[in-house]
Structures are given as C-alpha cells and as structure tokens.
Student: 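Structure in structure tokens, see below.
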Amino acid sequence: MAEIILNESNFEQEVLQSDKPVLVDFWATWCGPCRMLAPTVAKIAEEQEGNVKVCKLDVDEAQSIAVRYGIASIPTLMLFVGGEVKGTLIGVHSKSQIEALFA
C-alpha cells in the first residue's frame, strides 16, 4: 500500500482515529533531506502494510497541523498510537532506526 497523503480534512480520521499505529512523515517538496528519506518511508509502507499505516503530510499544505505538533525541522517522523504521539525522529534515519519506533 502506498503512503496516505494527509491534509487538513483527513488528518483526524486517518491518524487520530486510526485503530492501527500511524507513522506520519512531515515533509516538504523543497526539502532535500525529505526527498532522501522518501524511498525508505515508501519501503516501510510496503513492508508494514496491515500493521502500521504510513502517511505523508506536506507542512506547506497543512501548516496548522505542523504548528499543532511543533514541527520545527523537517523531515520529522512521528508515530501515533491511539491518537497520541508515541515517538519522534527528526532528520534522515535508517530503516532500522525508524522501525525501532514501533518495536
């Protein structure tokens, strides 16, 4: 399954009301490190299908959500479980470091 593209209208349903853990990639199109991380996030989405929902949120398109979660640097990955933030990684990380969030 491909990553789910988040916006202001679907964030609550896809992330906060999800019955599965949700990994949210806060990114922007102009961000070089975000583009470096994208293939890793896509691979996790493919491998974790059915276990973890993987979503992408463009901080330029959904600024109010980025502000709500205090996103100061991108890429930022946040793991949500039961609507609550359970883990955060800032910057480019390896696949194993990201997967350790849901371990």
Side-chain angles (χ1 to χ4, degrees):
M1 172 187 243
E3 301 103 326
I4 296 166
I5 305 303
L6 296 174
N7 54 48
E8 304 277 353
S9 63
N10 70 355
F11 184 84
E12 185 166 334
Q13 178 186 351
E14 294 290 354
V15 178
L16 302 181
Q17 296 176 3
S18 177
D19 58 350
K20 294 180 186 158
V22 183
L23 181 68
V24 178
D25 177 9
F26 291 88
W27 73 292
T29 56
W30 50 264
C31 168
C34 298
R35 289 194 306 271
M36 287 173 48
L37 185 63
T40 304
V41 172
K43 184 86 169 154
I44 290 169
E46 181 183 308
E47 292 179 1
Q48 292 293 329
E49 184 174 357
N51 299 321
V52 177
K53 189 186 291 189
V54 178
C55 302
K56 295 181 76 72
L57 184 129
D58 185 327
V59 297
D60 291 333
E61 301 292 325
Q63 292 179 3
S64 68
I65 296 170
V67 169
R68 183 184 331 161
Y69 290 99
I71 305 301
S73 297
I74 53 172
T76 293
L77 298 171
M78 285 188 170
L79 181 69
F80 289 79
V81 178
E84 301 288 321
V85 177
K86 296 298 182 183
T88 303
L89 289 173
I90 299 170
V92 177
H93 292 275
S94 70
K95 184 169 167 282
S96 61
Q97 289 171 313
I98 297 167
E99 290 172 333
L101 280 176
F102 7 105

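This chain uses plain numbering: 1 for the first residue, then up along the sequence.
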Student: Using every non-hydrogen atom in the two residues, find where A38 and E3 come nearest and quote the distance to one decimal.
Tutor: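 Scanning both residues, the minimum pair turns out to be O-OE2, 4.1 Å.
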Student: So, taking the atom named NZ in K56 and the one named CG in L23, what distance separates them when rounded to the nearest 0.5 Å?
Tutor: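 One finds 9.5 Å between NZ of K56 and CG of L23.
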Student: Would you say the side chain of H93 lies within less than 4.5 Å of the side chain of L77, judging by non-hydrogen atoms?
Tutor: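 Result no, sub-4.5 Å side-chain heavy-atom pair not found.
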Student: Look up atom CD1 in I71 and atom CG in L57, then write down how far apart they are to the nearest 0.5 Å.
Tutor: 8.5 Å
Student: Under 3.5 Å, is there a donor-acceptor pair between the side chain of N7 and the main chain of N10?
Tutor: yes
Student: Tell me the closest heavy-atom pair linking P75 and C34, and the distance in Å.
Tutor: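 Shortest heavy-atom separation between P75 and C34 comes out as N-SG, 3.6 Å.
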Student: If I compare all heavy atoms of K43 with all of K95, which pair ends up nearest, and what's the gap?
Tutor: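 Closest pair (atom of K43, atom of K95, distance): CG-CE, 3.8 Å.
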Student: Would you say the side chain of I4 lies within less than 4.5 Å of the side chain of K53, judging by non-hydrogen atoms?
Tutor: yes
Student: Do E99 and V52 have side chains that approach each other closer than 4.5 Å (heavy atoms only, starting at C-beta)?
Tutor: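 No, too far: nothing below the 4.5 Å cut-off.
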Student: Would you give the length of the straight line joining atom NZ of K20 to atom CD of E14, rounded to the nearest 0.5 angstrom?
Tutor: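 Those atoms lie 10.5 Å apart.
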Student: Please say yes or no: joined through hydrophobic side-chain contacts below 4.5 Å, possibly via intermediate residues, are V24 and L16 part of one cluster?
Tutor: yes
Student: Do other residues, nucleotides or ligands put more than 12 heavy atoms under 6.0 Å from the CD atom of E12?
Tutor: no
Student: Is there a path of hydrophobic side-chain contacts, each under 4.5 Å between heavy atoms of I/L/V/M/F/W/Y residues, joining I90 to L79?
Tutor: no
Student: Between CG of L101 and NZ of K86, what distance do you get to the nearest 0.5 Å?
Tutor: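 That separation rounds to 13.0 Å.
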Student: Nearest 0.5 Å, what's the CG-CD1 distance between L37 and I74?
Tutor: 11.0 Å
Student: Any heavy-atom pair between the side chains of D25 and V54 that's under 4.5 Å?
Tutor: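 Not in contact.
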Student: Can you hop from L6 to V59 via hydrophobic side chains spaced under 4.5 Å?
Tutor: yes
Student: Please answer: with hydrophobic residues joined when any side-chain heavy atoms are less than 4.5 Å apart, are V15 and V81 in the same cluster?
Tutor: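 Different hydrophobic clusters.
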Student: If you measure from CD1 on I44 to CD1 on I98, what distance do you get to the nearest 0.5 Å?
Tutor: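 Here the interatomic distance stands at 4.0 Å.
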Student: Name all pairs fulfilling the ring-ring contact (aromatic ring centres under 6.0 Å, His included) condition that reach into residues 23-79, sequence neighbours left out, sorted by first residue then second.
Tutor: F11-Y69, Y69-F80
